[in-house]
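The structure appears right after this line, and notes come after that.
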Number of protein chains: 2
Amino acid sequence: MINVKDRLVFLQEKLTSKNYRVTPQRLLIMEIFCQHEGAHLSAEDIYRLVSQQFPDIGLATVYRTLELFAKMGIIERVHFGDGKNRYELTQHGKHAHHHLICIKCGGVAEVDEDLLEKLERAVGEEYQFDILDHQVKFYGYCQRCRKGDTHD
Amino acid sequence: MINVKDRLVFLQEKLTSKNYRVTPQRLLIMEIFCQHEGAHLSAEDIYRLVSQQFPDIGLATVYRTLELFAKMGIIERVHFGDGKNRYELTQHGKHAHHHLICIKCGGVAEVDEDLLEKLERAVGEEYQFDILDHQVKFYGYCQRCRKGDTHD
DNA sequence: CTGTTTGCAAATGGTTTGCATAACC
DNA sequence: GGTTATGCAAACCATTTGCAAACAG
């Protein structure tokens with residue numbers, strides 16, 4: 001797990017520099033993200049987790065904070081098509097948007113490497129598109145479900 | 001545009017073979033898809049379009065039909081993260097899930113070629129995942145918005 | 001005829017918003 | 001102290017569901 005303290009200091013500075021206020025709710029939400037590196041948390045997930053330490057937090061605050069963090073580039077939205085937005089810490093220097101989604105158990109695994117850089121460049125040139133980021137989803141059966149073999 | 005008549009006959013057969021009933025609503029919705037090849041239609045879009053020819057259709061019927069068509073593999077859901085599901089005709093023999101999404105104007109362009117086959121195979125092997133399909137989204141600025149240059 | 005499909009309206013679930021109060025700076 | 005952020009409840013929007021009536025086979 002990442003150095004939480006560093007992240008929190010960084011957040012604090014970034015908030016202050018943009019004239020946003022440093023509040024316990026915002027710090028806590030960032031802490032949750034650090035403690036769940038690699039997870040794809042929904043607003044509800046975060047609400048539940050934060051509530052354990054800060055029972056008075058409102059769901060709306062969670063949503064507003066996620067909106068803010070996303071706008072600041074600290075976290076990113078990812079969509080798995082399950083009806084809810086999910087969020088993960090922005091990985092600086094490399095994208096982390098390759099997901100393997102099992103269409104049976106719904107499990108989501110993350111693919112680390114950025115095998116797509118070449119493709120990104122090629123497509124960007126061909127279509128005259130200034131590509132800043134990408135997101136790749138592979139749909140199929142994970143190892144476990146593959147064995148089960150009861151593909152309905 | 002694709003041969004609409006062929007598509008409709010195909011749909012009719014497929015419905016009958018699975019003991020689903022052939023209804024004017026279902027045929028009309030398929031017709032709309034054929035007439036908007038390449039578009040990424042939301043349920044609301046389809047409802048609006050079908051209503052012009054069949055004013056009594058209910059929105060729920062549209063949703064149920066989309067669900068059915070997706071289950072039958074005739075159409076596919078794509079997610080652009082704008083809060084609504086979008087649908088497009090399944091392209092047999094090739095995937096058509098490469099989208100260029102402009103983060104300024106929201107425009108969506110489609111990338112035709114399947115440059116991802118190699119990557120798909122490699123990732124599948126490495127992660128022991130039985131990959132059936134993939135979906136790629138590139139986020140950035142389209143040619144037009146790039147010129148405008150007022151990025152934000 | 002019989003079971004599937006439809007339209008309507010009400011319910012649902014995730015997310016947003018208005019507003020008075022509380023908290024940061 | 002002035003403004004920003006919060007919590008609550010109500011509003012919102014896309015989608016789903018229950019049910020009686022309509023329709024396909």
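Numbered from 1 within each chain, the chains take letters A, B, ... in sequence-line order.
- A salt bridge does not link B/E31 to B/R26: none of the charged side-chain nitrogens sits closer than 4.0 Å to a carboxylate oxygen.
- Atom pair B/Y63:OH and D/dG18:C1' shows a separation of 18 Å (rounding to whole Å applied).
- Regarding contacts with the backbone of D/dT4, every side-chain N or O of A/T23 stays at 4.0 angstrom or more from both OP1 and OP2.
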Which is it for A/H40 and A/F80 under the ring-ring contact (aromatic ring centres under 6.0 Å, His included) test, yes or no, and what are the steps along the way?
CA-CA 10 Å; A/H40 312 98; A/F80 296 145; 5.2 Å; yes
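- The CG atom of B/L66 sits 12 Å away from the P atom of C/dT6 (whole-angstrom rounding).
- Annotation: side chain of B/F69 is in contact with side chain of B/I29 (closest heavy-atom distance under 4.5 Å).
- The residue A/P24 sits close only to the backbone: its heavy atoms come under 4.0 Å of sugar-phosphate atoms, none of a base.
- As rounded to whole Å, 14 Å separates atom C1' of C/dG7 from atom CZ of B/R26.
- A/R21 has its CZ atom 4 Å from the C1' atom of D/dT4, to the nearest Å.
- Looking at residues 39-50 of chain B, you'll see that no heavy atom sits under 4.0 Å from any atom of DNA chain C.
- Remark: A/R86 does not engage A/E76 in a salt bridge, criterion side-chain N to carboxylate O under 4.0 Å.
- Residues A/L66 and A/F33 have side chains in contact (heavy-atom distance under 4.5 Å, counting atoms from C-beta outward).
- For the pair B/Q12 CD and D/dA24 C1', the computed distance is 12 Å after rounding to whole Å.
- Comparing D/dA24, C/dT17, C/dG7 by their closest approach to the side chain of B/F54 singles out C/dG7.
- Within the 4.5 Å cutoff, the side chain of A/Q35 has heavy atoms near those of the A/I32 side chain.
- Nucleic acid contact class of B/N19 (heavy atoms, under 4.0 Å, all strands): none.
- In this entry the distance linking NZ of B/K84 with P of D/dT15 reads 8 Å, nearest Å.
- Residues B/Q25 and B/V62 form no side-chain contact, since every pair of their non-hydrogen atoms from C-beta on lies 4.5 Å or further apart.
- Among the heavy atoms of the strands lying under 4.0 Å from B/N85 are primed sugar atoms or P, OP1, OP2 only; no base atom is included.
- Annotation: of the two residues near DNA chain D, B/Y87 and A/V62, the 5′-most nearest-nucleotide partner is A/V62.
- In this structure, the CZ atom of A/R64 is 10 Å from the C1' atom of C/dC19, given to the nearest Å.
- Rounding to whole angstrom units, CD of residue A/Q25 and C1' of C/dA23 are separated by 9 Å.
- Distance from the side chain of A/T61 is smallest to D/dT6 among D/dT15, C/dG7, D/dT6.
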